[in-house]
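A short worksheet on the structure shown next.
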Number of protein chains: 2
Amino acid sequence: MSPKFIDKSEKTREITKTALRLFSRKGYTATSVGQIADSACMGKGTVYEYFSSKEEIFIRAISDWIMETLDRLDEMTGQIPDPLHRFESFFKMMREIFNFKDPGTVKLFVEINQQTFTENGAFKKHRHIIKEMRSKFCRMVEDILLDGVSKKLVWPEVAREAHKIAVNLLAYLDGIGIHYLISENYPEYEEQVDFYIKNFINAIIIKPDHRGS
Amino acid sequence: MSPKFIDKSEKTREITKTALRLFSRKGYTATSVGQIADSACMGKGTVYEYFSSKEEIFIRAISDWIMETLDRLDEMTGQIPDPLHRFESFFKMMREIFNFKDPGTVKLFVEINQQTFTENGAFKKHRHIIKEMRSKFCRMVEDILLDGVSKKLVWPEVAREAHKIAVNLLAYLDGIGIHYLISENYPEYEEQVDFYIKNFINAIIIKPDHRGS
DNA sequence: TTGTCCGCCGACCGATGGTTCGGGAATAAT
DNA sequence: ATTATTCCCGAACCATCGGTCGGCGGACAA
């Protein structure tokens with residue numbers, strides 16, 4: 001009895017990590033289970049010891065990635081008290097997550113969209129996860145804005161429309177990611193985002209020389 | 001000699017139109033040539049009389065759609081002299097093109113992205129078409145902005161950054177389209193866009209009570 | 001050493017779908 | 001009516017892929 005024991009969770013993780021890389025490069029349908037197995041240096045049968053279907057691999061890989069990302073973001077921005085600094089840190093993190101020097105993440109984002117919105121898409125049944133991720137991002141931005149208002153760093157009008165502002169900001173980030181994939185020009189992209197954010201901050205903060213008046 | 005003649009171009013068109021509908025609903029890979037043939041009420045073999053491969057159908061369908069869209073946009077905004085009205089018309093048209101009451105077009109947009117950016121994607125070799133479409137959109141917005149500046153309706157600073165502003169605006173529109181697919185809530189989406197555009201216009205135009213000063 | 005059982009594997013199966021092909025239907029000229 | 005030519009088709013071919021299964025190897029206990 002008890003002949004041989006293996007850390008199952010580690011192998012599971014190996015599979016999802018490998019799969020995620022392939023999915024982001026080649027897309028879900030174009031990636032075969034055989035390729036995943038080869039890349040993870042194991043037999044196809046072994047993959048099926050850990051997952052019951054290709055779809056399950058995808059769901060697990062994406063879900064894990066989203067959870068990790070949200071956790072990292074939380075941890076990164078959690079204990080910064082100044083809302084403007086927190087905003088800055090939020091953006092720095094967004095750039096790291098969407099690491100645009102390597103377009104993998106944006107491609108993954110495109111792939112997730114495709115599998116979420118397409119009929120019979122592999123992620124269709126789990127779109128609530130995407131929705132929740134977005135809500136969470138949104139709430140983070142809203143919190144920063146409201147905190148800014150309460151500390152008199154941001155115009156009070158912003159509080160009323162905090163939600164809309166947050167949604168629009170996130171929409172912009174999604175869109176610019178896609179634009180970056182098209183332009184294939186990283187420096188231009190960086191300038192673009194900087195320009196946008198600079199104007200964004202300019203529009204919402206109370207200039208120091210107006211403060212306290 | 002000369003026994004039987006058929007309008008080839010009409011059939012070609014029938015196929016691409018049908019295919020485009022299916023591609024936007026189910027995605028490229030999930031749509032089979034057999035389904036396209038059935039939906040277009042012809043045999044699978046007939047489809048191959050007009051196209052040499054499934055990929056060619058996709059490329060043709062997407063390219064045609066893009067050309068048409070650009071033409072319609074040109075025609076719609078071409079002869080409006082007032083830049084602010086032109087801007088308004090541009091947006092109205094954008095909404096019609098991206099007809100958000102029917103998410104088909106946004107889904108198509110997602111599908112195009114996927115096939116353009118993914119390794120071995122069906123549209124990868126033709127990404128210059130996407131690039132050109134974007135450039136054209138961009139130029140239209142830039143023209144409106146510069147015209148606005150020269151007519152003293154828009155702040156002169158805008159001229160210097162017209163390109164960046166245009167790119168960011170288009171990025172936003174792409175992003176909000178995806179957001180709309182996630183939220184599955186059309187009225188909310190309309191409000192979002194209105195809010196953004198209202199602020200955008202507010203930020204660039206010279207208020208009437210400041211004019212001529 | 002031997003038996004047992006876990007973990008691993010890749011040949012195999014069935015289904016699907018892109019592409020081909022050979023012939024049948026339709027048409028018009030002779 | 002015959003024939004030449006074009007158009008149309010769907011059965012058949014072939015490759016690929018998701019998923020299964022029977023068995024192999026090695027580790028541990030006795």
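Lettering follows sequence order; numbering is per chain, from 1. Below, all heavy atoms of this structure are taken into account, side chains as well, without hydrogens, waters or symmetry copies.
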- Query: When the distance from CD of B:E49 to P of C:dA25 is rounded to whole Å, what number comes out?
  - Reply: 17 Å

- Message: Using OP1 and OP2 only, check whether a side-chain N or O of A:K44 sits under 4.0 Å from D:dC17.
- Response: no

- Query: Counting just side-chain N and O atoms, does A:T46 come under 4.0 Å of either OP1 or OP2 of C:dC9?
  - Reply: yes

- Please state how far atom CE in B:M42 lies from atom P in C:dA26, giving the value in whole angstrom units. 17 Å

- Taking OP1 and OP2 of D:dC7, is either one under 4.0 Å from a side-chain nitrogen or oxygen of B:K11? no

- Assign each of A:G45 and A:G34 to its nearest nucleotide of DNA chain D by heavy atoms, then name whichever residue's nucleotide is nearer the 5' end. A:G34

- For B:F58 and C:dG17, what is the distance between atoms CZ and P respectively, to the nearest whole Å? 17 Å

- Considering non-hydrogen atoms only, spot the tightest contact between A:G27 and B:T118 and give its length. N-OG1, 3.8 Å

- Whichever of A:S52 and B:K8 has the more 5' nearest nucleotide on DNA chain D, that residue is B:K8

- Message: Centroid separation under 6.0 Å, is that true for the rings of A:F58 and A:Y28?
- Response: yes

- Provide, to the nearest angstrom, the distance between the NZ atom belonging to A:K26 and the C1' atom belonging to D:dT16. 13 Å

- Task: May I have the distance from B:E55 (atom CD) to C:dG17 (atom C1'), rounded to whole angstrom?
- Result: 16 Å

- Query: So what does B:F51 touch, heavy atoms closer than 4.0 Å: a base, only the sugar-phosphate, or nothing?
  - Reply: nothing

- Length of the line joining B:Y48:OH and D:dC7:C1', which is rounded to integer Å: 18 Å

- Please work out if B:S53 contacts a base, only the sugar-phosphate, or nothing of the nucleic acid, heavy-atom cut-off 4.0 Å. sugar-phosphate

- Message: Below 30° counts as parallel, above 60° as perpendicular, anything between as tilted: where do the rings of A:Y180 and A:Y189 land?
- Response: tilted

- Query: Any chance the side chains of B:E56 and B:S52 put a donor and an acceptor closer than 3.5 Å?
  - Reply: yes

- Are any of the side-chain nitrogens in B:K107 or A:E119 under 4.0 Å away from the carboxylate oxygens of its partner? no

- Look at the side-chain N and O atoms of B:K54 and state whether any lies under 4.0 Å from the OP1 or OP2 oxygen of C:dG18. yes

- Item | Out of C:dG7, C:dC12, C:dT19, whichever nucleotide has its closest atom nearest the side chain of B:V33 | C:dT19

- Rounded to the Å, how far apart are B:F23 CZ and C:dG18 C1'? 12 Å

- Message: Nearest whole Å is fine: how far is D:dC17 P from A:L22 CG?
- Response: 13 Å

